[in-house]
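The structure appears right after this line, and notes come after that.
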2 protein chains.
Amino acid sequence: MVPKMSDDLQVVRQAATLRRQVEDKLRGAIASGRFQPGQRLVERELCELIGVGRTSIREALRQLEAEGLVLTIPHRGPAVSTITSAEAGELYAVRALLEGDAGKGFARHHDGAQLLALQNSIALIKRAAEQTDQGLMLEAKTAFYQVLMDGCGNRFIKQFLMTIHNRVNLLRVKSMMEPGRSVHSLAEINEIYEAVAARDGDRAAVACSNHIRAAAAIALRMLGSEQGPTPNIAKKKKTVVV
Amino acid sequence: MVPKMSDDLQVVRQAATLRRQVEDKLRGAIASGRFQPGQRLVERELCELIGVGRTSIREALRQLEAEGLVLTIPHRGPAVSTITSAEAGELYAVRALLEGDAGKGFARHHDGAQLLALQNSIALIKRAAEQTDQGLMLEAKTAFYQVLMDGCGNRFIKQFLMTIHNRVNLLRVKSMMEPGRSVHSLAEINEIYEAVAARDGDRAAVACSNHIRAAAAIALRMLGSEQGPTPNIAKKKKTVVV
DNA sequence: GCGAACGGATTGTCTGTCAATCGGCTTGAC
DNA sequence: GTCAAGCCGATTGACAGACAATCCGTTCGC
């Protein structure tokens, strides 16, 4: 959408406090892979990197720690979280559950604008698939899930899903996986859309769960093969359905 | 259980950092109703109340904020979160979903010790019901859910459920509801146990969801009647199934 | 080669300081 | 009397500096 057409009154919505801005910066840096999983985050380095005092850095880190993006060991300091394959499995399991319920909620509560937004995000996904543009694909999928969460009618599910997405993203960064473009994924997403458009909550729930489970299966298989005997040898880019 | 018989090696398990201790103290104070929902938490007061510097207080508050127990408004400071009835409904909805899946997981993964622990907590619940001991009932139910979460085999579900429990507890504190002792509740819990003991995951899931939904229905009805035209007139103790 | 002691680096926490902001109170106008 | 404007105290947000506690890698001694 065009930014100017946003419904929000505040176009330039700068966080009221410095700490929030730092938080966003760090979150972004982790999401983008600028900070790799396992990497230690030394306070003083972050201070001069971002240009704020230790107070703001530390408080922002507390937030990220609570979100699970950062793991702080007492007297050793914070580091970007890593995810074991067992954790990945559990993460995808909860995600399938919540995303399913989010789909159900969306199917039942959505209004015209929300359905349209979903349509648009799906169109974007297809375009990204045709152009095999991985960056665009990631963006489009993020938008898709965003619309779904926003319209699910349950702020807690949305909140939980957001943190789950962030943590799953750690996997993507760590394993250099790319958001997928398989025809299966597109079919699954279409099924979600149809169920939602028909206001069939149960069907939407199943469709969403299946979509996530399919993605999980691929991601976990990839992860399993990676954590084999040769851990760190010339990682190749991989494709997975997110 | 007797503390000395704990499996943990650290009997006196003092948190490694002061901040964690403060965190626990504050969480406890909120859970117990010592700090009421809506009450402002002035930093300096907390400092002299707990006897630590502002640094530790602030960082602990950040954690509680992330958990949703505390709401911080920029330049106004933190206050104990309040929960609207709409939020309560959504909270119970997620909880039913997750608790259902936790029950399913427990049914499938539990070992003998865990089943025994569940048995014990149920026995405690029954004892509390017979003696109409509300304090004991709260403790027993907490233990029950704790065992269930611990044995569900998904650390994220456990984590989410813990924060949900904390937030639902805000409701209890706010409305002065007591953990219930209805015969229905006992029947529901028995059904959960039987399903779990039979390792029937789906049945356990349904049983858990139903249990939470029943509690939700009562709690929400009570909440709805409370938020009527006369908000703050001599609250009476109420009984609800948690 | 292995354990123990050492030293640098980093964190955890405190104190003090200062500007920005909020909310209530007073003041004043109508 | 009511309402708006403006002022003032209280509180937060953020910084800097300081210091003990702790951890980790290294070196030393055996």
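All values below were derived from every heavy atom in this structure, side-chain atoms included, with hydrogens, water molecules and symmetry-related copies excluded. Lettering of chains follows the sequences in order, A, B, ..., and the numbering in each one begins at 1.
- Between E65(B) and R20(A) there is a salt bridge, since at least one side-chain N of the basic residue sits less than 4.0 Å from a carboxylate O of the acidic one.
- Residue R58(A) is classed as a base contact, given a heavy-atom separation below 4.0 Å to a base.
- Within the 4.0 Å cut-off from OP1 or OP2 of dC14(C), at least one side-chain nitrogen or oxygen of S56(B) is found.
- Atom C1' of nucleotide dT12(D) and atom CD1 of I73(B) are separated by 13 Å, given to the nearest angstrom.
- Evaluation of the side-chain contact (heavy atoms from CB on, under 4.5 Å) rule for A143(B) yields S121(B) as partners, not counting sequence neighbours.
- For the contact set between residues 74-81 of chain A and DNA chain D, defined by any heavy atom under 4.0 Å, the members are H75(A), R76(A).
- Side-chain atoms of V52(B) lie closest to dC14(C) of the nucleotides dC14(C), dG12(C), dT12(D).
- Within 4.0 Å of T55(B), counting heavy atoms only, lies at least one base atom of the nucleic acid.
- Residue contacts for E59(A): at a heavy-atom cut-off of 4.0 Å it reaches no nucleic acid atom on any strand shown.
- Q63(A) and E67(A) form a side-chain donor-acceptor contact under 3.5 Å, judged by distance and modelled atom types alone.
- Residue R54(B) places its side chain closer to dG13(D) than to any other of dT13(C), dT11(D), dG13(D).
- Here I57(B) lies out of heavy-atom contact (under 4.0 Å) with every strand.
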Counting only pairs under 3.5 Å, give me each side-chain donor-acceptor contact of residues 147-158 of chain B, with atom names and distances, residues two or more places apart or in other chains.
| unit_1 | atom_1 | unit_2 | atom_2 | d |
| --- | --- | --- | --- | --- |
| D150(B) | OD1 | K158(B) | NZ | 2.7 |
| D150(B) | OD2 | Q146(B) | NE2 | 3.4 |
| N154(B) | OD1 | F156(B) | N | 2.9 |
| N154(B) | OD1 | I157(B) | N | 3.2 |
| N154(B) | ND2 | E90(A) | O | 3.0 |
| R155(B) | NE | E90(A) | OE1 | 2.8 |
| R155(B) | NH1 | E87(A) | OE2 | 3.2 |
| R155(B) | NH2 | E90(A) | OE2 | 3.1 |

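- Atom CZ in R20(A) sits about 15 Å away from atom P in dT21(C), given to the nearest Å.
- Nearest to the side chain of V42(B), among dT11(D), dG13(D), dC14(C), sits dT11(D).
- Distances from the side chain of R44(A) to the nucleotides dG13(D), dT13(C), dT10(C) place dT10(C) closest.
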